[in-house]
There are 2 protein chains.
Amino acid sequence: MSKIKETSTNFANKKALSDECPELYASNIIGGQWPLAICGYLLNGKLRFGELKKKLPNITERMLTLQLRRLEKDRIVKRTVYAQVPPRVEYELTPIGQKLKPVIEELEKWGTLHKQSL
Amino acid sequence: MSKIKETSTNFANKKALSDECPELYASNIIGGQWPLAICGYLLNGKLRFGELKKKLPNITERMLTLQLRRLEKDRIVKRTVYAQVPPRVEYELTPIGQKLKPVIEELEKWGTLHKQSL
DNA sequence: TAAGGTACTATCAAAAATGTAAGTAATGAG
DNA sequence: CTCATTACTTACATTTTTGATAGTACCTTA
C-alpha cells in the first residue's frame, strides 16, 4: 500500500481487467491481506481504531491506518472522529460495505470446503 | 509469485489469519491479479495454454505459467499434457475449482453494485 | 536444411506491498 | 511540570509480486 504508478504495465493490466469484469473489480477492492479481515469484524458493529488493532493479530498501526484509509476511499467504511482528548475514532461499514456479507459467506464456505479436502 | 520467505513477519501474518478464518484462507488462494480471471474462463471449459494467453489481455507467459502452477498446486486446475509435437497442454477446473462459481457470482454482484454507486 | 509452432524456463529489473522504529498533538490526571 | 492515553504520521528497509526479454526442446512441414 503505497502510491501506485499510473504508468506501469501492472497498473494498466489491473485497470483493463477490472474495467470489464466486476468480479475482478471487486477483488481489487477487497483483495489483499487485511481488507476482508477488517470488514469481517466490522460486520458485527462499530469499532475503534485501537479495538481493531487488538483484534487483528500483529497488524502494525501503519498498516491499519493505510487499510482503513483505503477502505474509506472506496466507501466501504465510514470514519467518525469525536473531538476528545485522547482522541476517539470509530469505524463502521457503509451500506455497501454491509453488502459484502454474502461475498464473505461464500468465501467462507468455499474456504472451509477446500481446507477439508486436504 | 516467487518463493516466499517462511521466516518473514508477512508470512507469519498471512498464516495466522488464514488459519483461523476460512474466508481469508480462500482469499489467499484466489486473490491476486490473475487467479479469478483464469478461473472465470475455465468455468466455461478446458483451455489450452495459448488460448488462455489470448484471452487474458497482456499477461506474460511467465506470469501465466506461474499462476497456473500455483493453481495446480492448490488443486484448483488440472493440467493435462498430450505427448505431441508441438506440445499441447490443456487446463481445466477440478471439482473444487468448479465450486468457486458461487463465490465468483457474489463477487460479480457486489462489484456491479459498487460500480453503479459511483 | 531451414523455418515454424507450442509451451514453456531463465535472468534480470522494476514496482508494489508490508514491516520496523521512532515521533507527534492535545489534554487531563497526579 | 510530567506522564499517560489515543490515533495517528514519517522515514526507511525488506519482502513479494510482476514485468521485459531472451532463450529452449521437439518434431513437422516446406
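Reckoned from all heavy atoms, side chains included, excluding hydrogens, waters and symmetry mates. Chain identifiers are assigned alphabetically (A, B, ...) following the order of the sequence lines, protein sequences preceding nucleic acid strands; residue numbering begins at 1 within each chain.
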Given atom [atom1] of [X] and atom [atom2] of [N], what is their separation to the nearest angstrom?
X	N	atom1	atom2	answer
A/Lys14	C/dA15	NZ	P	14 Å
B/Asn28	D/dT16	CG	P	13 Å
A/Asn10	D/dT17	CG	C1'	8 Å
A/Arg48	D/dT6	CZ	P	7 Å
A/Met63	D/dT14	CE	C1'	12 Å
B/Gln33	C/dA15	CD	C1'	12 Å

Of all the nucleotides listed ([options]), which has the minimum atom distance to the side chain of [X]?
X	options	value
B/Arg79	C/dA7, D/dG19, D/dT15	C/dA7
A/Arg62	C/dA15, D/dC12, D/dA7	D/dC12
A/Thr9	C/dT9, D/dA20, D/dT5	D/dA20
A/Val85	D/dA7, C/dA26, D/dT16	C/dA26
A/Asn13	D/dT9, C/dG5, D/dG19	D/dG19
B/Ser8	D/dG19, D/dT9, D/dT15	D/dT15
B/Thr60	C/dA26, D/dA20, C/dT9	D/dA20

Would you indicate, yes or no, if C/dT18 has its OP1 or OP2 atom less than 4.0 angstrom from a side-chain nitrogen or oxygen of A/Gln67? yes

For B/Tyr82, report the nucleic acid contact type (base, sugar-phosphate, nothing); a contact means any heavy atom under 4.0 Å. nothing

Hey, does B/Gln84 reach any base, or is it just sugar-phosphate, or nothing, if we go heavy atoms under 4.0 Å? nothing

Taking the nucleotide of DNA chain D with the closest heavy atom to each, which residue, A/Tyr91 or B/Ile59, is nearer the 5' end? A/Tyr91

Per nearest nucleotide of DNA chain D, the residue lying toward the 5' end, A/Val89 or B/Asn58, is A/Val89

B/Val81, B/Leu66: one ILVMFWY side-chain cluster at the under-4.5 Å cut-off? yes

Can you tell whether the side chains of A/Glu106 and A/Lys109 come within less than 4.0 Å, N to carboxylate O? yes

Quick check: does any side chain N or O of B/Trp110 sit under 3.5 Å from a backbone N or O of A/Gly97, one acting as donor and the other as acceptor? no

Heavy-atom closest contact (B/Asn13 atom, A/Pro57 atom, distance): OD1-O, 4.0 Å

Evaluate whether atom NZ of A/Lys115 has more than 12 neighbouring non-hydrogen atoms of other residues, nucleotides or ligands under 6.0 angstrom away. yes

